[in-house]
Amino acid sequence: MFHYKTSLKIAWKPCIEAKLTAQTKGMNIIALHGGLDTSRSRSFMEILERAALDGFVLLAEGRVPAVEAVLNVLEDSPNFNCGFGAVLNMDGEVELDASICDGETSRFAAVAAIRDVRRPISVARRLMEETSQVILAGDGALKFARKHGFPKDNCISEEQLDAWRKARESLARGEKPAQNLYTGLAYHGDTVGCVVWDGKGLTAASSTGGCSLKLPGRVGDTPSLGGGVYATKLSAVVCTGIGESFVETLTAKFVDEKIAGGAHPQQAVELALRRLAELKGAEGGILAVDAQGRIGSAFNAGQFPVVVMEEGRVRQGFEPVNLRRALFAH
Ligand code: ASP
């Protein structure tokens, strides 16, 4: 168990100086993460890289098609906590949240607690493009999806079902389940998110199964504008971690405000994580890009795989800053 170091003030000094000088003005950027406490093994990173490439191919059609393509790859993969293979709620169902926010057009759309749809980010895109409404939840979201041709999909993987059974057995014995709340498993994949800068505008998108053993109907920060996702003309931000703490602190919006105030995205995400730890004692991972194509990414947990693609090329050796030691004492 980690405890927040209470003596820390919200102050910032750069952890990796090189990040601050790496400006990529004029280049297009696709940056994505595979969630908190996710594996950074080669096989996971390769899926993230493939997703980035799919997004890059569609960038010519627009930022929204690009983020959708990125997240579809991850929603189809059983390795991440989204789409197929997402964590199960207390009743043994998969309920998914997903959202897209386009900063240039101020458009936002989300689906929440939707069942039996493998690619909820595509439902959110359809909602954005075909209606003026912004959030659909539960049965209404499902009805909309079916009406727009999304087939009934099984999203429950054998691995997650097995993990859920074990967790329920632990609960029945009065024990705390051993499963990781984010991933449902030990070092498995988690919530995914993507930010895009195409030289003209910024877009953010996220897709998740939420937290393992959540109450049926629970909605996290992924469809919460300003909580776990945000985009303006100045920044695009996606977050991962226990959603309630992001919703209650409007963390994604805080990152945008810092960038609007002149902060480098790296400074903004680190300040946001410190604030999150101070206000909530919470773990998290944040990824942001600004309108100069500068990236910010930091986390304070075990793992946070991030891939950055510039002009279709993966930036080699990129690693988010881990603030765990700085923020928490054992
Ligand atoms: N933020 C997600 C939620 O609480 C879970 C996660 O990112 O791990 O719904």
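Atoms within a ligand are numbered from 1 in the order they appear, just like the ligands themselves. A quick note: this is a predicted structure, and the numbers were derived from the prediction, not measured.
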> Would Arg218 count as a polar contact of ligand 1, with the cut-off being nitrogen or oxygen pairs under 3.5 Å?
yes
> For Thr240, counting its heavy atoms only, list the atoms of ligand 1 lying under 4.0 Å from any of them.
6 (C), 7 (O), 8 (O)
> Just so I know, are the side chains of Glu244 and Lys280 near enough to count as touching, which here means a heavy-atom distance under 4.5 Å?
no
> Under 4.5 Å between side-chain heavy atoms, hopping through other hydrophobics if needed: is there a path connecting Leu71 to Phe84?
no
> Please determine whether any non-hydrogen atom of Gly228 lies less than 4.0 Å from an atom of ligand 1.
no
> Using a strict 4.0 Å cut-off to heavy atoms of Asp221, name the atoms of ligand 1 that fall inside it.
1 (N), 2 (C), 3 (C), 4 (O), 9 (O)
> Which of the atoms of ligand 1 are close to Thr191, meaning less than 4.0 Å from one of its heavy atoms?
2 (C), 5 (C), 6 (C), 7 (O), 8 (O)
> Gly220 heavy atoms, cut-off 4.0 Å: which ligand 1 atoms fall inside?
9 (O)
> Any non-hydrogen atom of Cys211 lying under 4.0 Å from ligand 1?
yes
> When only distance counts, is Thr208 in polar contact with ligand 1, meaning an N/O pair under 3.5 Å?
no
> Regarding ligand 1, does Ile242 bring an N or O atom to under 3.5 Å of one of the ligand's N or O atoms?
no
> Using a 4.5 Å cut-off on heavy atoms from C-beta on, say whether the side chain of Val87 contacts that of Cys211.
no
> Side chains of Ser235 and Asp290: do they bring a donor and an acceptor to under 3.5 Å?
no
> Indicate yes or no for a side-chain donor-acceptor contact from Arg275 to the backbone of Thr249 under 3.5 Å, with no hydrogens or angles considered.
yes
> For Gly209, does its backbone N or O pair with a side-chain atom of Asn81 as donor and acceptor, under 3.5 Å?
yes
> Give a yes or no on whether the ring-centroid distance for Phe144 and Phe150 is below 6.0 angstrom.
no
